[in-house]
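Okay, so here's the structure we're looking at.
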Number of protein chains: 6
Amino acid sequence: MPWLPSLKTETPEEGYALAIKLSRMVVKMTQPDEAARERMRPEYANDAANLTQVSLVVATNFLDCGAG
Amino acid sequence: MPWLPSLKTETPEEGYALAIKLSRMVVKMTQPDEAARERMRPEYANDAANLTQVSLVVATNFLDCGAG
Amino acid sequence: MPWLPSLKTETPEEGYALAIKLSRMVVKMTQPDEAARERMRPEYANDAANLTQVSLVVATNFLDCGAG
Amino acid sequence: MPWLPSLKTETPEEGYALAIKLSRMVVKMTQPDEAARERMRPEYANDAANLTQVSLVVATNFLDCGAG
Amino acid sequence: MPWLPSLKTETPEEGYALAIKLSRMVVKMTQPDEAARERMRPEYANDAANLTQVSLVVATNFLDCGAG
Amino acid sequence: MPWLPSLKTETPEEGYALAIKLSRMVVKMTQPDEAARERMRPEYANDAANLTQVSLVVATNFLDCGAG
């Protein structure tokens with residue numbers, strides 16, 4: 001099954017969850033080494049500036065798929 | 001009840017409040033540890049650069065839901 | 001009276017002023033302490049990088065309300 | 001005469017010039033002190049990162065007014 | 001054959017792959033020296049802040065071509 | 001002949017090239033001194049964070065003109 005079968009979702013919450021999934025997928029594709037991603041995790045999740053940017057990415061992806 | 005029952009709101013102010021809610025939700029989902037979020041709070045709310053970026057996130061989310 | 005009665009404005013300039021208002025409101029809501037905001041003011045208004053980002057926020061909000 | 005009489009322009013180049021005007025106006029409104037703006041000018045125009053962000057602001061404003 | 005024959009794709013996943021391709025192409029065009037790009041690779045793929053921005057670029061390009 | 005005769009292009013690749021042209025034009029207009037721009041070139045083209053932002057600018061401009 002494809003990881004992104006559709007941009008359509010049943011509910012706004014599912015659309016939001018899809019926006020988060022889209023945001024993370026490119027990180028995996030750009031840095032396929034899981035150990036390298038784990039090393040970045042503290043910086044990723046404990047830095048206010050980065051979390052704000054993550055929120056911006058999700059907001060932008062939500063434009064792609066938030067119409068539900 | 002779902003946390004995001006709808007993207008439609010009755011008034012522009014409610015749409016703006018929803019844009020703020022959307023902006024914060026991803027932070028909670030990315031950093032579920034409330035204590036860790038509290039530790040970031042001073043940086044989050046007392047740094048001009050971060051507040052400007054928060055404003056950008058809300059503006060982008062408002063594109064998602066601001067049409068009311 | 002609500003602070004955001006409508007996203008519709010009579011003229012492009014009023015739409016632009018509304019975009020600025022939207023950009024600032026989230027800062028107030030995220031940092032409600034006026035003294036704290038005042039302490040950030042020099043950084044906010046005297047740093048070229050921040051002013052450029054403020055301009056980006058207003059441009060994005062103008063997408064929300066600039067159609068007049 | 002208002003500084004922003006219309007978002008409609010005759011040609012794409014005029015639309016682009018208007019996008020630049022919009023980008024600069026908010027800087028003036030946020031930092032009305034011309035001397036303070038002049039002090040930031042070297043940082044503004046000689047820093048690659050800032051110029052790239054200025055380009056992003058103009059691109060975003062061009063979405064507001066680029067349709068001519 | 002052109003590197004960008006079309007913005008239309010058969011599936012959402014192909015649209016997403018195209019968004020990634022678009023995001024990378026400008027880097028190649030701005031820095032054509034492959035050795036220089038290779039030197040930046042560690043910073044590019046091992047810095048959380050940069051990966052978050054890469055995700056933002058792809059989200060924005062997905063707006064260009066994600067409708068599939 | 002105007003530097004921006006039209007936002008319409010024949011092919012997606014031409015639209016992408018135009019998006020790059022738009023992204024660079026504002027840099028020229030903000031920093032008209034060619035020598036100053038040349039001094040920034042190494043930072044501009046050899047810094048991963050800046051190249052990622054350049055890609056974001058082009059993606060945004062592509063929204064302006066990518067429909068071909």
Side-chain angles (χ1 to χ4, degrees), chain D, chain F:
Chain D
M1 195 179 127
W3 68 267
L4 182 58
S6 170
L7 292 173
K8 291 201 177 57
T9 54
E10 295 292 319
T11 65
E13 278 187 37
E14 285 178 25
Y16 193 82
L18 181 54
I20 292 181
K21 185 179 181 178
L22 288 170
S23 304
R24 290 180 181 167
M25 189 53 72
V26 65
V27 176
K28 277 193 205 168
M29 289 177 171
T30 306
Q31 178 49 275
D33 178 355
E34 198 184 327
R37 291 201 309 272
E38 277 308 306
R39 278 195 297 276
M40 283 183 275
R41 185 114 203 118
E43 182 188 345
Y44 190 78
N46 291 298
D47 179 79
N50 188 64
L51 283 173
T52 303
Q53 288 305 104
V54 169
S55 186
L56 181 58
V57 178
V58 173
T60 305
N61 271 316
F62 203 40
L63 293 170
D64 284 311
C65 62
Chain F
M1 195 179 127
W3 68 267
L4 181 59
S6 169
L7 292 173
K8 291 200 176 57
T9 54
E10 295 291 319
T11 66
E13 278 186 36
E14 285 178 27
Y16 194 81
L18 181 54
I20 292 180
K21 185 180 180 178
L22 288 170
S23 305
R24 290 180 181 167
M25 189 52 73
V26 65
V27 176
K28 276 192 204 169
M29 290 176 170
T30 306
Q31 178 49 275
D33 178 355
E34 198 184 327
R37 291 201 308 272
E38 278 308 306
R39 279 195 297 276
M40 283 182 276
R41 185 112 203 118
E43 181 189 345
Y44 189 78
N46 291 298
D47 179 78
N50 188 64
L51 283 174
T52 303
Q53 288 306 103
V54 169
S55 187
L56 181 59
V57 178
V58 173
T60 305
N61 271 316
F62 202 41
L63 293 171
D64 284 311
C65 62

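First the proteins, then the strands, lettered A, B, ... as listed; each starts at 1. Only this structure's heavy atoms are used, side chains among them; waters, hydrogens and symmetry mates stay out. These figures come from a predicted structure and were not determined experimentally.
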Can any side-chain N or O of Q53(F) pair as donor or acceptor with the backbone N or O of A49(D) at less than 3.5 Å? no
Restricting to non-hydrogen atoms, name the atom on V54(F) and the atom on T52(D) that form the minimum distance, rounded to 0.1 Å. N-CG2, 3.7 Å
Just do the side chain to side chain contact (heavy atoms under 4.5 Å, CB included) check on T60(F) and F62(D) with the steps written out, would you? CA-CA 9 Å; T60(F) 305; F62(D) 203 40; over 6 Å; no
Within the distance-only criterion (no hydrogens, no angle test), does the side chain of N61(F) pair as donor or acceptor with the backbone N or O of A59(D) below 3.5 angstrom? no
Within-4.5 Å side-chain heavy-atom neighbours: Y16(D) and M29(F): yes
Strictly distance-based, threshold 3.5 Å: is any side-chain N or O of S55(D) a donor or acceptor partner for the main-chain N or O of S23(F)? yes
Spacing of CD belonging to E13(D) relative to CG belonging to L7(F), to within rounding of 0.5 Å: 10.0 Å
Mind checking the CZ-CG spacing from R37(F) to N46(D)? Nearest 0.5 Å is all I need. 11.5 Å
At what distance, to the nearest 0.5 angstrom, does CG of L63(F) lie from CG of L63(D)? 5.5 Å
State, yes or no, whether a side-chain contact exists between D47(D) and E43(F) at a heavy-atom distance under 4.5 Å. yes
Is chain D contacted by the side chain of S6(F), its backbone, both, or neither, given a heavy-atom distance below 4.5 Å? backbone
Decide yes or no on side chain to side chain contact (heavy atoms under 4.5 Å, CB included) for Y44(F) and L51(D), but give the supporting numbers first. CA-CA 10 Å; Y44(F) 189 78; L51(D) 283 173; over 6 Å; no
For the atom pair CE (M25(F)) and CD1 (I20(D)), what is the distance rounded to the nearest 0.5 Å? 9.0 Å
